[in-house]
Amino acid sequence: MPIDTRKIYPLSEYSFVERESQPEEDNSVNTRLHRLEEQYSETGVRRSVEAIMLVTVHGFPHILVLQVANAFYKLPGGYLDPLESDSAGLITKLNEQLGVPFTTNLTQDSKFSEAKSITVHPFGGKEFRKNGDGNLWVSPPTGDWKVGDLLSTWWRPKYDNFLYPYIPAQNVYPKECKKLYHVELPPNKTFAVPVNMKLHAIPIYEFYDNASRYGPQFAGIPFILSRYDIFEHLTKGVEEQNGKE
């Protein structure tokens, strides 16, 4: 069976502007866990969805990751309403976090003309910045996001910080279910990044065996993406070399 191929576009094809700040819903871990307990008593298992979005830098796959207040990293996404579907809910969250807000008052002289946009971590952690061009692009209703395959499912069995890629045998009532989806990006797009966050393009190898920095969910990403031929230009060279032998 051939490996499934995913089309990934260069980071240089995307533009980035700033948008209003988006404070976290919970200002501490204890507050977040307390709210989880309240939600569970009202609606049952909390559902959340997150997006794995791929771009290339120097031909190597990178993942778009949000960093909040120069502190922790997270994938774009969030909690779903009880009756919301995974796909529709994830698109809504992506539009809320990274979609360009509709307005008719922005001009070339607005703050969008000097957006700090994105920080890129290509090979060796070297950084560079790409400025926005001052243009405001309003996304279509779907936000140009195409929700693809479900890549992994994580379960929170208790009111704590630990999630597992399975439901522990001794726990029959998990408190949260988190799903990671591959979200395909169009060839070009404008992202609007909240001013209190940074959008990083981090190479896949940075997550491998690096749970101490990014956590187990990020550390598992290289494994779940290995089902796709995201290194197409590299695997072609291997196949051609094998054909010559």
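A salt bridge is absent between Glu50 and Lys179: the closest approach of a Lys/Arg side-chain nitrogen to an acidic carboxylate oxygen does not fall below 4.0 angstrom. Looking at Arg47 and Asp86, a side-chain N of the basic residue comes within less than 4.0 Å of a carboxylate O on the acidic one, giving a salt bridge.
Scored by the side chain to side chain donor-acceptor pair (under 3.5 Å) test, Gln67 finds His200 as partners (sequence neighbours excluded). Looking at residues two or more places apart in sequence or on another chain, you find no ring-ring contact (aromatic ring centres under 6.0 Å, His included) involving Tyr159. In this structure Tyr173 satisfies the ring-ring contact (aromatic ring centres under 6.0 Å, His included) test with no other residue, sequence neighbours excluded. Looking at residues two or more places apart in sequence or on another chain, you find no ring-ring contact (aromatic ring centres under 6.0 Å, His included) involving Tyr9. For Trp154, the side chain to side chain donor-acceptor pair (under 3.5 Å) partners at least two apart in sequence or on another chain are Ser152. Partners of Phe72 according to the ring-ring contact (aromatic ring centres under 6.0 Å, His included) rule, which considers only residues two or more places apart in sequence or in another chain, do not exist here.
Taking each heavy atom of Ala51 and Leu94 in turn, the nearest pair found is CB-CD2, 4.0 Å. Minimum heavy-atom separation, Ala192 to Gly99: CB-O, 3.3 Å. Looking at every heavy atom in both residues, Arg156 comes nearest to Lys158 through CG-O, 3.2 Å. Contact record, Met197 with Gln22: CE-O, 3.6 Å, taken as the closest heavy-atom pair. Counting all heavy atoms, side chain and backbone alike, Glu176 lies closest to Ser48 at OE2-OG, 2.9 Å. Minimum heavy-atom separation, Leu185 to Leu54: CD1-O, 3.9 Å.
To the nearest 0.5 Å, the span separating OG1 on Thr92 from CG on Asp81 amounts to 8.5 Å. Distance check: His182 NE2 to Leu225 CG gives 7.5 Å after rounding to the nearest 0.5 Å. Expressed to the nearest 0.5 Å, how far CD of Glu206 lies from CD1 of Ile63 amounts to 11.0 Å. Separation of atoms CD (Glu38) and CD (Glu42) is listed at 6.5 Å; rounding is to 0.5 Å. Atom-to-atom distance recorded for Lys146:NZ and Ile91:CD1 is 11.0 Å, nearest 0.5 angstrom. Rounding to the nearest 0.5 Å gives a distance of 11.5 Å between CD1 of Ile202 and CD1 of Ile204.
Residues Trp145 and Glu184 form no side-chain contact, since every pair of their non-hydrogen atoms from C-beta on lies 4.5 Å or further apart. Within the 4.5 Å cutoff, the side chain of Ser212 has heavy atoms near those of the Asn210 side chain. Between Lys74 and Val65, every side-chain heavy-atom pair lies at or beyond the 4.5 Å cut-off. Between Pro194 and Ser21 the shortest side-chain heavy-atom distance does not fall below 4.5 Å. In this structure, the side chains of Lys198 and Val193 stay at 4.5 Å or more apart for every pair of heavy atoms.
The hydrophobic cluster containing Val57 also contains Leu66, counting ILVMFWY residues as joined when their side-chain heavy atoms lie under 4.5 angstrom apart, directly or transitively. Criterion: ILVMFWY side-chain heavy atoms under 4.5 Å apart, direct or through other members. Under it, Leu36 and Ile167 are not part of a common hydrophobic cluster. By the criterion of side-chain heavy atoms lying less than 4.5 angstrom apart, applied directly or through intervening Ile, Leu, Val, Met, Phe, Trp or Tyr residues, Ile221 is not grouped with Trp155; the two fall into different hydrophobic clusters. One hydrophobic cluster, built from ILVMFWY side chains closer than 4.5 Å, holds both Tyr73 and Leu151.
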Test side-chain contact (heavy atoms from CB on, under 4.5 Å) on Arg35 and Tyr79 and set out the steps.
CA-CA 12 Å; Arg35 187 161 64 90; Tyr79 308 134; 3.3 Å; yes
For the pair Tyr14 and Val55, evaluate side-chain contact (heavy atoms from CB on, under 4.5 Å) and give the outcome as yes or no after the intermediate values.
CA-CA 9 Å; Tyr14 301 101; Val55 297; 3.8 Å; yes
Thr56 and Leu11: side-chain contact (heavy atoms from CB on, under 4.5 Å), yes or no, with the steps?
CA-CA 6 Å; Thr56 61; Leu11 180 65; over 6 Å; no
Tyr166 vs Thr153, test: side-chain contact (heavy atoms from CB on, under 4.5 Å). Steps then yes/no.
CA-CA 8 Å; Tyr166 54 88; Thr153 302; over 6 Å; no
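Among the candidates Tyr214, Phe218, Phe223, the single residue satisfying the ring pair (Phe, Tyr, Trp, His ring centres under 6.0 Å) test with Tyr208 is Phe223. Residue Pro76 is tested with Leu98, Leu90, Leu64, Ile52 for a side chain to side chain contact (heavy atoms under 4.5 Å, CB included); the sole match is Leu98.
Ring geometry for Phe16 versus Phe191: interplanar angle under 30°, hence parallel rather than tilted (30 to 60°).
Side chains of Asp149 and Tyr181: a donor-acceptor N/O pair is absent below 3.5 angstrom, by distance only.
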